[in-house]
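Take a look at the structure set out below.
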Number of protein chains: 2
Amino acid sequence: MEAEQIEAVRRFNRVITQRIGALEDAYLSREHSLGLSRLLWEIGSEGAEVRVLRSRLSLDSGYVSRQLRRLESEGLVTTDPDENDGRVRTVRLTDAGASERALLDRSSDELAASMLEPLTASQRDRLVAAMAEVEKLVIASLVRIEITDPRDPDARFCLRSYFAELGRRFDGGFDPAQSIPAGDQEMSLPDGLLLVATVQGSPVGCGALKLHPDTGIAEVKRMWVSSGVRGLGLGRRLLECLAKEASTRGTSTLRLETNQTLTEARRLYETAGFVEVEAFNDEPYAHHWFQRDLKPV
Amino acid sequence: MEAEQIEAVRRFNRVITQRIGALEDAYLSREHSLGLSRLLWEIGSEGAEVRVLRSRLSLDSGYVSRQLRRLESEGLVTTDPDENDGRVRTVRLTDAGASERALLDRSSDELAASMLEPLTASQRDRLVAAMAEVEKLVIASLVRIEITDPRDPDARFCLRSYFAELGRRFDGGFDPAQSIPAGDQEMSLPDGLLLVATVQGSPVGCGALKLHPDTGIAEVKRMWVSSGVRGLGLGRRLLECLAKEASTRGTSTLRLETNQTLTEARRLYETAGFVEVEAFNDEPYAHHWFQRDLKPV
DNA sequence: TCCATTCTCTGACCATAGTCAGAGAATCGT
DNA sequence: ACGATTCTCTGACTATGGTCAGAGAATGGA
């Protein structure tokens with residue numbers, strides 16, 4: 001990494017935190033403290049359970065409790081016990097609370113507008129485009145990839161999303177019963193593994209391996225990337241991560257099959273060193289079979 | 001301004017403040033509080049006067065004093081009275097303080113590096129480029145233009161910079177004595193005015209008017225934009241601002257002359273509605289004379 | 001049934017980051 | 001020379017944003 005780039009990032013951080021900080025001071029410090037406003041915001045129009053608020057903002061339970069009492073005494077929220085679980089309490093905004101929250105929303109809009117306002121139309125377009133690029137790449141830098149139990153909720157979410165996408169994209173839909181299966185056992189060590197990619201706790205992609213240590217072959221399955229984070233090279237990162245995991249577990253050849261409608265996946269495999277080979281199984285949904293040799297570690 | 005753009009800016013602000021905030025928590029919260037670290041940083045390797053620190057960080061004098069006592073008691077700084085002015089005290093870092101500051105510096109580097117580290121080389125380049133663009137445009141949105149007394153230090157700085165630049169760029173240099181002068185009086189109301197553009201307190205550009213109410217003509221003089229903020233349309237903003245000020249003061253025609261080496265200025269004048277005319281004065285350094293009619297207010 | 005756990009709440013603390021009033025010394029302006 | 005101003009400092013006070021221990025009610029699991 002070059003010193004110049006680091007200097008550029010530092011300069012950016014300095015300018016941006018100053019600017020946004022100054023604006024937040026000016027706009028958001030209405031009658032409530034920052035903490036109260038944050039809580040009010042996080043409750044949302046639907047209401048929220050106290051324990052959810054606590055974990056989302058990662059705050060102490062006593063602290064949240066006191067803040068809620070204060071909001072209550074100002075008539076901005078009401079808290080009622082949960083119907084199913086008497087320990088849990090649910091906070092809801094009153095009308096006054098909702099309008100207070102709307103005010104915060106408007107302030108945020110004004111804050112954003114004040115960054116655009118002094119600029120010409122073309123400068124605004126450039127700023128918005130550059131911000132989108134920064135945002136995207138910063139999110140990319142937040143991706144964490146970890147081996148995850150297939151029964152984990154995040155893993156379940158990814159697998160469900162994967163099947164849903166195949167259903168949407170395959171000509172004639174997708175029926176898991178027709179396809180070669182990959183059960184939880186096959187995606188758990190030592191038979192295989194599942195990688196889940198997350199951004200700040202939310203699952204955004206996955207990829208699995210079925211290991212066959214006796215033959216030195218491993219199959220790549222369940223490659224999926226959420227539409228929100230496409231174009232960030234996450235597919236490639238997952239694939240390389242799978243290759244590394246396979247390699248350290250005695251795999252010399254990686255195999256996978258794919259459907260003709262998944263063109264971007266095919267391009268990914270080709271540019272990642274896979275070569276198309278004869279069909280090595282009878283997966284009914286596959287049109288292309290790929291293979292890649294791994295360098296031993 | 002479009003709602004979409006505002007939404008994009010808000011999303012950017014959210015993502016970036018979260019990201020930078022989280023990183024700062026992780027990296028910068030060493031043994032000193034944020035306030036002490038900020039002060040330590042601001043003192044710099046050269047040392048600084050207490051009053052300068054106070055105004056730069058816009059902090060209460062009592063507060064700064066107490067913070068300094070604390071840094072002193074930890075052996076990180078020394079404060080000595082100024083040689084010339086016994087009221088002023090100058091703070092300097094001790095060796096321990098300097099190494100503490102170097103540590104902060106390194107943390108900032110690591111923080112920046114951690115944003116780049118997970119990315120591929122091409123993504124890094126894109127991120128740095130987009131950050132530079134955002135930074136530039138955000139700075140552009142921070143520019144304030146105000147009528148300023150020519151004897152004000154900021155004004156003096158701009159005028160000095162203006163002459164220095166002419167000296168560098170004109171073939172054969174520039175000698176103010178040879179040129180048609182514009183004294184402080186001529187750039188002060190009611191005879192004229194000087195606009196100074198600042199970004200967060202630092203002067204970055206200027207432009208002056210010499211008014212001639214009897215003829216309805218005003219002359220534009222001393223147009224200068226700091227090299228650090230070029231390409232942001234600041235010249236145009238200054239020029240439009242001058243035109244507006246002239247217009248409200250009974251000017252119907254704006255005039256200016258310029259040197260052939262200032263090509264970007266000439267392009268600015270042409271695209272801002274000025275047309276080249278015969279020489280209307282005998283300014284020895286001028287090669288082109290321009291004029292523009294103003295719509296009455 | 002009963003013990004462990006979960007969830008919320010209260011009370012007692014604490015550090016940080018200030019603000020405000022005023023005092024004392026040095027300097028400036030006239 | 002002297003009154004106004006500038007600069008720094010001390011003391012008293014405050015709000016914010018927490019942490020920690022423990023109590024009491026509800027629930028879950030064996």
Side-chain angles (χ1 to χ4, degrees), chain A residues 17-18 21-22 24-26 28-43 47-74 76-92 104, chain B residues 17-18 21-22 24-26 28-43 47-74 76-92 104 151 153:
Chain A
T17 50
Q18 258 184 33
E24 281 184 345
D25 285 355
L28 295 178
S29 73
R30 308 251 174 197
E31 49 203 286
H32 292 105
S33 69
L34 185 57
L36 280 184
S37 296
R38 243 165 49 192
L39 199 56
L40 201 60
W41 179 262
E42 203 63 42
I43 290 166
E49 294 178 3
V50 173
R51 58 177 176 182
V52 171
L53 290 176
R54 216 165 45 218
S55 80
R56 273 214 293 250
L57 297 168
S58 49
L59 293 173
D60 176 82
S61 64
Y63 184 46
V64 169
S65 182
R66 240 182 303 274
Q67 299 267 55
L68 288 176
R69 290 302 78 70
R70 194 154 150 206
L71 288 176
E72 241 175 354
S73 77
E74 294 184 34
L76 299 175
V77 304
T78 57
T79 59
D80 304 292
D82 192 276
E83 291 147 15
N84 312 317
D85 188 337
R87 295 168 301 183
V88 180
R89 304 193 71 192
T90 302
V91 194
R92 259 172 251 285
L104 286 175
Chain B
T17 49
Q18 259 185 31
E24 281 185 345
D25 284 356
L28 295 178
S29 73
R30 308 253 174 193
E31 50 202 286
H32 292 105
S33 67
L34 184 58
L36 280 184
S37 296
R38 245 166 46 193
L39 199 56
L40 200 60
W41 179 261
E42 203 63 40
I43 290 167
E49 294 179 3
V50 172
R51 57 178 176 182
V52 171
L53 291 176
R54 217 164 46 216
S55 79
R56 274 214 292 250
L57 297 168
S58 48
L59 293 172
D60 177 81
S61 65
Y63 184 45
V64 169
S65 181
R66 240 182 304 275
Q67 299 267 55
L68 287 175
R69 288 304 79 69
R70 196 155 147 202
L71 289 175
E72 241 174 355
S73 78
E74 294 184 34
L76 299 176
V77 305
T78 56
T79 59
D80 304 292
D82 193 275
E83 292 146 15
N84 312 318
D85 187 338
R87 296 167 302 181
V88 179
R89 303 192 72 191
T90 302
V91 194
R92 261 172 251 284
L104 286 175
R151 284 157 304 184

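The chains referred to below are lettered A, B, ... by the order of the sequence lines, with proteins before strands, and numbering in each begins at 1.
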Test side-chain contact (heavy atoms from CB on, under 4.5 Å) on B:R38 and B:L59; report intermediate values, then the result. CA-CA 11 Å; B:R38 245 166 46 193; B:L59 293 172; 4.0 Å; yes
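Residues from residues 76-92 of chain B placing a heavy atom under 4.0 Å of any atom in DNA chain D, listed by number, are B:R87, B:V88, B:R89. Non-hydrogen atoms lying under 4.0 Å from DNA chain D are contributed by B:S61, B:G62, B:S65, B:R66, all within residues 57-68 of chain B.
Between A:V77 and the choices A:R69, A:E72, A:Q67, A:R70, the side chain to side chain contact (heavy atoms under 4.5 Å, CB included) rule is met once, by A:E72.
Between the P atom of C:dA15 and the NE2 atom of B:H32 lies a distance of 16 Å, rounded to the nearest Å. We find that CZ of A:R54 is positioned 12 Å from P of C:dT6, with the value rounded to whole Å. Residue B:L53 contributes atom CG, which lies 11 Å from atom P of D:dC9 at whole-angstrom precision.
Screening residues 50-61 of chain A for salt bridge (Lys or Arg N to Asp or Glu O under 4.0 Å), with sequence neighbours left out, gives A:E42-A:R56, A:E49-A:R51.
Remark on DNA chain D: of its neighbouring residues A:G35 and B:R51, the 5'-side contact belongs to B:R51, judged by nearest-heavy-atom nucleotide.
The side chain of B:L34 lies closest to C:dA17, out of D:dT16, C:dA17, C:dT8.
Note on B:R38: every side-chain N or O is 4.0 Å or more away from OP1 and OP2 of C:dT16. Using a 4.0 Å cut-off, no side-chain N or O of B:S33 falls inside it from OP1 or OP2 of C:dA15.
Residues meeting the side chain to side chain contact (heavy atoms under 4.5 Å, CB included) test with B:R66, sequence neighbours left out: none. Residues meeting the side chain to side chain donor-acceptor pair (under 3.5 Å) test with A:R87, sequence neighbours left out: A:D85. Contacts of B:T78 classified as side chain to side chain contact (heavy atoms under 4.5 Å, CB included), with partners at least two apart in sequence or in another chain: B:D80, B:R92, B:T94.
Residues B:E74 and B:L36 approach most closely at OE2-CD1, 4.3 Å, considering heavy atoms.
Residue B:R151 qualifies as open at atom CZ: its count of foreign heavy atoms under 6.0 Å is 12 or below.
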